[in-house]
Amino acid sequence: MTHDLIVLGAGPAGANAALAAAQAGLKVALLDEQDGAGGQVWRQPLPGLTGLPVSAEARSGDALRAEISASSVDLRLSRRIWSVGGRFRVDALGPQGNETVEAPSLIAATGAHERVVPFPGWTLPGVIGLAAATVLIKSQGVTPGRKVVVAGCGPLLVAVAAGILKLGGDVAGIVDLAGRRDWLAALPSLATQPELLGRGLGWAVKIGAGRVPVYFGHAVKAAQGEHALERIVIAPVGRDGAYASGPDITLETDALCIGHGLVPGAEVTKLLRAEHRFDRLRGGFVPVLDAYGRTTVERLLACGDGAGLRGAIIAEQAGRLAGLAAAHDAGVVPADRFAQIADPILAAISRARPFSDAMAGIMALRPAQVAAIAPETVVCRCEDVTRGEIDAAHEAGAHDLNQLKHFTRCGMGPCQGRMCGDVAAELLASKVGSREQAGYWTGRPPLRPVPFDALMGAFDYSDIPIPEPAPL
């Protein structure tokens with residue numbers, strides 16, 4: 001064992017977990033695929049890029065990266081983790097090739113990936129996810145297009161629109177699946193976090209000053225263009241996401257940033273066969289945890305959005321809690337000291353829960369929106385599987401998600417089902433009765449696509465050991 005603890009993911013949850021465990025006395029390895037700590041929320045600008053607008057997120061990210069640099073944490077960036085096994089062995093592809101880290105404890109803080117409910121034309125060049133748009137804005141200072149429409153649901157709508165305006169871009173419209181009543185109903189819960197609410201209102205003021213039209217209670221019905229995006233068609237929807245009566249509206253645009261919430265990146269806990277449960281508010285199937293982040297697998301913990309969508313504030317606190325729990329389980333933090341430190345953290349998580357739940361509710365997947373997907377619409381873009389082919393697979397006998405994969409190759413492409421899995425499961429659940437019955441993809445390595453030659457290394461046929469011939 002080269003370390004006492006491995007933490008996967010250097011976002012708000014993982015970074016704070018690593019810091020808490022290291023401060024308690026553990027030897028911690030912190031691995032992340034990106035070239036800077038901070039995750040999606042506190043993403044680091046590209047090296048050498050200066051002059052980007054200063055934001056609260058940028059300041060928080062810089063402070064976190066400075067704290068990690070000053071700590072004893074063994075930070076390993078630009079590591080693509082492709083396998084996790086044993087108790088615990090992590091294989092990652094890094095700048096020097098394949099490497100292995102081992103430890104008796106592991107914390108999965110692997111964040112979330114975005115969800116886009118498919119519609120005709122969503123695979124056209126010029127259509128990108130809201131999370132992808134934030135990468136362009138935060139990391140590279142680039143707007144997604146010359147005339148951008150921002151669509152979907154959740155707080156990323158206003159964050160992305162305000163970010164584009166701040167960079168001098170043109171936002172042609174905001175298309176919000178939620179209605180004004182949905183936001184008004186959430187307001188009392190949002191007011192429990194005045195700082196975050198104030199930040200959101202600041203974005204709204206910037207959008208208002210830019211005279212950006214906002215279409216509440218609308219969804220993108222189609223994206224159109226001959227070779228790339230040229231226009232979108234939007235239509236009114238009800239609270240369940242189903243199309244409602246009302247006129248279609250056409251918006252001319254060369255870029256559409258769209259997202260319908262997030263899905264927990266729980267691949268590691270699934271791979272290690274921890275118990276999971278379906279929670280629509282938390283984004284899908286999430287690992288079953290105790291109050292401190294422990295899963296049903298001994299010495300395996302999880303925190304952050306990969307363990308259920310709760311936002312950055314709870315992710316920070318849950319990360320600290322998981323790091324302390326790992327230190328306590330390793331025997332370096334006595335029980336009385338652990339309880340003394342943990343109780344205020346648990347109280348902070350409880351105070352942040354109303355805000356978190358309100359945001360999660362606005363981002364939760366709407367089954368009627370999925371039900372409205374047309375038969376000819378591509379659901380799995382890696383393997384070109386349509387909604388009609390998914391329905392046909394069920395009719396042919398596919399009654400859970402893994403059978404659907406075998407019948408159609410849905411989920412077998414480079415993204416390993418991250419983009420299509422949640423929607424495909426929702427389509428199947430509408431036929432088999434529930435998401436629990438539809439299930440989820442079985443976790444298998446490689447967790448990320450990796451070049452085979454990078455794993456093999458340099459060798460010649462003369463390096464292959466050939467056993468002596470068996471005696472006649």
For residues [X] and [Y], determine if any side-chain heavy atom of one lies less than 4.5 Å from a side-chain heavy atom of the other.
X	Y	result
Val160	Val148	no
Lys27	Asp4	yes
Val286	Arg277	yes
Arg435	Asp422	yes
Leu157	Val150	yes
Gln193	Ile313	yes
Arg282	Asp357	yes
Asp391	Lys431	yes

Does the [X] side chain pair with the main chain of [Y], one donor and one acceptor, at a distance under 3.5 Å?
X	Y	answer
Arg273	Leu271	yes
Thr110	Gly265	yes
Trp122	Val117	no
Arg80	Pro449	yes
Asp32	Ser78	no
Arg337	Pro334	no
Asp305	Gly111	no
Arg387	Ala374	no
Glu316	Asn16	no
Asp329	Arg299	no

Inset, instruction - Before giving the answer on side chain to side chain donor-acceptor pair (under 3.5 Å), spell out for Gln40 and Thr134 the whole-Å C-alpha distance, their side-chain angles and the decisive distance to 0.1 Å. - result: CA-CA 8 Å; Gln40 181 75 333; Thr134 64; 2.8 Å; yes
Do you know which two heavy atoms are closest between [X] and [Y], and how far apart they sit?
X	Y	answer
Val41	Ala312	CG1-CB, 4.1 Å
Ile362	Gly154	CG2-N, 3.8 Å
Arg115	Met363	NH1-O, 3.4 Å
Ile258	Phe119	CD1-CE2, 3.5 Å
Val297	Phe88	CG1-CZ, 4.5 Å
Val423	Val116	CG2-O, 4.1 Å

Inset, instruction - Mind running side chain to side chain contact (heavy atoms under 4.5 Å, CB included) on Ile164 and Thr143 for me, showing each step along the way? - result: CA-CA 6 Å; Ile164 293 170; Thr143 62; 4.2 Å; yes
Legend entry - Salt bridge flag under 4.0 Å for residues Asp62 and Arg65: yes
Legend entry - Side-chain ion pair, Glu426 and Arg280, N-O less than 4.0 Å: yes
Legend entry - Over 12 non-hydrogen atoms of neighbours within 6.0 angstrom of CD1 in Ile464: yes
Inset, instruction - Give a yes or no on this: more than 12 heavy atoms of other residues, nucleotides or ligands lie within 6.0 Å of atom CD of Glu298. - result: no
Inset, instruction - Classify the angle between the aromatic ring planes of His394 and His399 as parallel (below 30°), tilted (30 to 60°) or perpendicular (above 60°). - result: perpendicular
From [X] [atom1] over to [Y] [atom2], what is the distance, rounded to the nearest 0.5 angstrom?
X	Y	atom1	atom2	answer
Cys257	Leu130	SG	CG	6.5 Å
Arg43	Leu136	CZ	CG	9.5 Å
Leu447	Ile81	CG	CD1	8.0 Å
Leu301	Thr269	CG	OG1	11.5 Å
Leu346	Gln317	CG	CD	9.5 Å
Asp74	Leu5	CG	CG	11.5 Å

Legend entry - Thr295 vs Leu272, side chain to side chain contact (heavy atoms under 4.5 Å, CB included): CA-CA, chis, key distance, verdict: CA-CA 10 Å; Thr295 71; Leu272 294 172; over 6 Å; no
Inset, instruction - Begin with the C-alpha distance, continue with both residues' side-chain angles, and end with the deciding distance and a verdict on side chain to side chain contact (heavy atoms under 4.5 Å, CB included) for Trp82 and Asn98. - result: CA-CA 10 Å; Trp82 63 271; Asn98 197 47; 2.8 Å; yes
Legend entry - Criterion side chain to side chain contact (heavy atoms under 4.5 Å, CB included) on Ile107 and Ile6, from CA distance to verdict: CA-CA 6 Å; Ile107 297 176; Ile6 300 169; over 6 Å; no
